Amino acid sequence: MAANHLYLVDGSGYIFRAYHRLPPLTNRHGVPAGAVYGFTTMLWKLVEDLNKPVLSDVEGAGGPTHLAVILDASSKTFRNDMYDQYKAHRPPPPEDLVPQFPLIRVATRAFSIPCIEEVGLEADDIIACYSKAALAAGWQVTIVSSDKDLMQLIEPGRLDMLDTMNNRRLGAEHVREKFGVAPEQLGDVLALMGDSVDNVPGVPGVGPKTASELIQTYGTLEAVLAAAPEIKKPKLRQNLIDHADNARLSRELVRLVCDRPLPEPLEALAMKGIPPEPLKAFLTDMGFRSLLTKLSGAEAATEAIAPRVEDAQPFVHKDYETVVTEADLDRWIEAARAAGRFAVDTETDHVDCVRAKLVGISLATQPGKACYIPLAHGDAGDDLLAEKPVQLDPALVLAKLKPLLEDPSLLKIGQNIKYDLIMFRKNGVDIAPYDDTMLLSYDLDAGLGGHGMDDLAKRHLDHACIEFKAVCGTGKAQVTFDKVPLDKATEYAAEDADVTLRLWHRLKPRLGRESATRVYELVDRPLVPVIAEMERAGILVDRAELSRLSTEFGHEITRLEGVIHTAAQGPFTIGSPKQLGEVLFDRLGAAGGRKGKSGVYSTDVTELERIGLGDDAAAEVARLALEWRQLSKLKSTYTDALQEEINSVSGRVHTSFSMAVAQTGRLSSTEPNLQNIPIRTETGRRIRQAFVAPAGYSLISADYSQIELRLAAHMADVPQLREAFANGDDIHSLTAQELFGEVNRETRGRAKTINFAILYGISSWGLAGRLGVDRTEAQAIIDRYFDRFPGVQTYIAETVAKVRELGFVTTLFGRKTHLPGAKAKTVGERQSAERQAINAPIQGTCADIIKRAMIRMPAALAEAGLTGTRMLLQVHDELVFEAPDGEVEAAKPVILRVMAGAAEPHVTLSVPLGVEIGHGPSWGAAH
DNA sequence: ATTGCGCCCTA
DNA sequence: GTAGGGCGCAATG
């Protein structure tokens, strides 16, 4: 006899998750409806399963015979009587989610499905009550939710949970995996760990891991509390003793109530099929055209208002293949050809791609269908791998893959494909054409979160990738990927390719819909091979010179230490802001002194300079400490560190440019950061002089002159500024003349500060601080600026209006920066977002323009026959080249032309782009 | 061994 | 007031 199977949908939980997972759609009335759309499709799928005996992916789990949606009726429940702080700090739901709550009830009614809520009970409790009743009647139960509190109810074979976003069944094994205990012990774990969102106190210092370990060791919460005095770790022991009451309270808070009378009898939840009305009316009203089409079985709607929701499939690591035979390799290559596009990922033995060796390659041809081709596992010989595993010959694999990876009719998809491009280039393979999911995400969602694979898998697939740490270990025990056994390596590497392919399916279709195609195709995607080549080239540094500077700085630092300790009447750690502050203010009695939030005196430059004006011991220490700070900064960050960064293979320094980190579209540089090499002080500039060209070569430095101000003049349409740039006039002098009626050193300096303040999103408070005037005076200056340059005021007003309305701003090339803070609750946060909104289009357009110049540069140099000239670095508005001495003079006009014309033809500026260029034996000399 | 903070280098 | 990365210290595990 087929047992009844009750499905209980956690409606409130679902809508919160759907809201954060799905795009912010609005229905045809302009009401936000993304979460409702998700909810509707989810119900649809559940209902469809009604007539299927078994869900395809789970053995024995049938579709529903009974179904209800459970909602929270009110925010106050009996738990608030127990503990008034319960859920007290939970932030209010987002503004565009609020109108969707009532629509959930409307949607449920449209399906003619019961919708149950009860005042004073949370949805979780109602679900518990129904679960208990149904189990008692011998029914199967499935709770449609992924809420951890509800996992307490799981009973093997009788009650499971369904995560519809992942299409994943959650059983006792899931609880065991996630919390290390059986479902019936979960309440004790949850009580110990607490929940910051619901404000369940738990025990301080006890997180999921410790809670799980304690319950695993002692069995129950009471047993843990009883054994507390014997626990070894002193802090944990004390916390358990001190907060035993909180733990018991938490236990009651997480306990689900299951003994209340049912609002509706079980039989009232029977599925009787879905009448076409009122469902059809609901779908029409909401404008869910694709679902409407499904319902009426008519022709496909030409343009559905909602995106097609990809059927989420679980990640099954055991299905990934390890390819070690030629026949298997051929089969995968054939599958990739047949698919027309596939994801590819390389595994290496080093993050540094100059030294890295290719260890393996993974491919994914369909979601869930991926393989790993190991090439060099166990080559080094080691303990983990007793003997070198059987693998295909790397040369053979590369020879077979080359036609595939270079086939112009096949799209290669990578996540941060710059790395793979470099690795394959080193092995004689030039991947083309390609897509990069990291850059797709960056161009769609900059400002909404990270763009690394783990971030994206979490955000779009609700999937936690296997951690690299879990495969290769961490710290001293860390091994390189070639030491990893093939089965583990396959799970990790193939998953990467699988995730990448699935992400591409989610992201690529959005590009056109969300107007990101232009910046992706015109700016970021074509930049990848250019940057790859710059990183591969690296720059030469004079190790001996850096070493000399290190020694020199070191001696001076030692000398200063002696003098400082004498003046301070005793030794202390000068590098510790805490100790320096205490010496200056408490021991030597310096006046003033402001403490930060961690209770430490501020000892930053402004503070030390202020103290240094005096003539007592504190002033002397402050002045000397400034010198000490400068030298130790230069030594530790530059002269010492840069020597370590010289690559043992190339003898040069290879930075890594991150293409998807900065919110505005800029690049960033790491390991080492070559975008913050000193230039402002004479001592600092000596470090720039250690960046050199090899014998017979020179370095060329070309930078845009005041590009951000020029772009502001164009974007805000300020005639005086535009003319001044066209005539080559001094822009700060002009501003001084307009604002103060006369130009001298002082007014020009103030005008310069104000011009920068505009670019950074002006505030009277901030400008006041910079100019050393009071707020009223700063505001008066701003008013005068707006009066003289009304276009600036309009630009700011329009930009702020735009970010408030749309939540993002755009550059002239269409690059978006999302600023969710513009809709934040606090004024401070909103104002901060507004300043970012004012700056991002300017800074971002500058980034777009120099990127366009970089993309065109290699071909322009090649066309001019300059085969020896290479672009090495980008520093936001500057490009650094290395050129044979014989090519320098010919290269300069090419570089100038490309940079000055970089916006054209896609963007036409009303101001010229000025470029300054110089060359010399070192970077310092080229300026 | 990892993490947050204060500080400071760049455009 | 914008955008970044990295160092040493001091407090965690």
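Keep in mind that the numbers below use all heavy atoms, side chains included, and drop hydrogens, waters and symmetry copies. Proteins come first, then strands; the chains are lettered A, B, ... in the order of their sequence lines, and each starts at number 1. Bear in mind the structure is a predicted one, so any value in this text is a computation, not a measurement.
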Under 4.0 Å, heavy atoms only, any strand: does [X] hit a base, just the sugar-phosphate, or nothing?
X       : result
A662(A) : sugar-phosphate
S669(A) : sugar-phosphate
E878(A) : nothing
T753(A) : base

So does [X] get a side-chain nitrogen or oxygen closer than 4.0 Å to the phosphate oxygens (OP1/OP2) of [N]?
X       : N       : value
T637(A) : dG6(C)  : no
T603(A) : dC7(B)  : yes
R629(A) : dC8(B)  : yes
S576(A) : dA10(C) : yes
R666(A) : dG4(C)  : no

To the side chain of [X], which of [options] is closest?
X       : options                 : value
Q843(A) : dC7(B), dG4(C), dA3(C)  : dA3(C)
T670(A) : dT10(B), dT2(C), dG5(C) : dG5(C)
V661(A) : dG4(C), dA11(B), dC8(B) : dG4(C)
T664(A) : dG1(C), dA11(B), dA3(C) : dA3(C)
V875(A) : dT2(C), dA11(B), dG1(C) : dA11(B)
S763(A) : dG1(C), dG6(B), dT2(C)  : dG1(C)
P577(A) : dG6(B), dA3(C), dC7(C)  : dG6(B)
T573(A) : dC9(C), dG6(C), dG1(C)  : dC9(C)

Looking only at the side chains, is there a donor atom on one of [X] and [Y] sitting less than 3.5 Å from an acceptor on the other?
X       : Y       : answer
T480(A) : K483(A) : yes
S212(A) : Q216(A) : yes
Q238(A) : H243(A) : no
K802(A) : T810(A) : yes

**Q.** Y795(A) backbone acceptor or donor facing T799(A) side chain under 3.5 Å
**A.** yes
Q.
More than 12 heavy atoms of other residues, nucleotides or ligands under 6.0 Å from CD of E671(A): yes or no?
A. no
Q.
How about CZ on R237(A), more than 12 heavy atoms from neighbouring residues, nucleotides or ligands closer than 6.0 Å, or not?
A. yes
Q: Could you tell me the separation between the CD atom of E708(A) and the P atom of dT10(B), rounded to a whole number of Å?
A: 16 Å
Q: For K578(A) and V600(A), work out which heavy atoms get closest and say how close.
A: CA-CG1, 3.4 Å
Q) Looking only at heavy atoms, which two atoms of H876(A) and L667(A) are closest? And how far apart? A) CE1-O, 3.5 Å
Please tabulate the protein-to-nucleotide N/O contacts below 3.5 Å involving nucleotides 1-5 of chain B, giving atom names and distances.
from   : atom 1 : to      : atom 2 : distance (Å)
dT2(B) : OP1    : T474(A) : OG1    : 2.8

Q: Could you label the plane-to-plane angle of the F756(A) and Y760(A) rings as parallel, tilted or perpendicular, counting under 30° as parallel and over 60° as perpendicular?
A: tilted
Q. Near DNA chain C, under 4.0 Å by heavy atom, which residues of residues 671-685 of chain A?
A. E671(A), N673(A), N676(A)
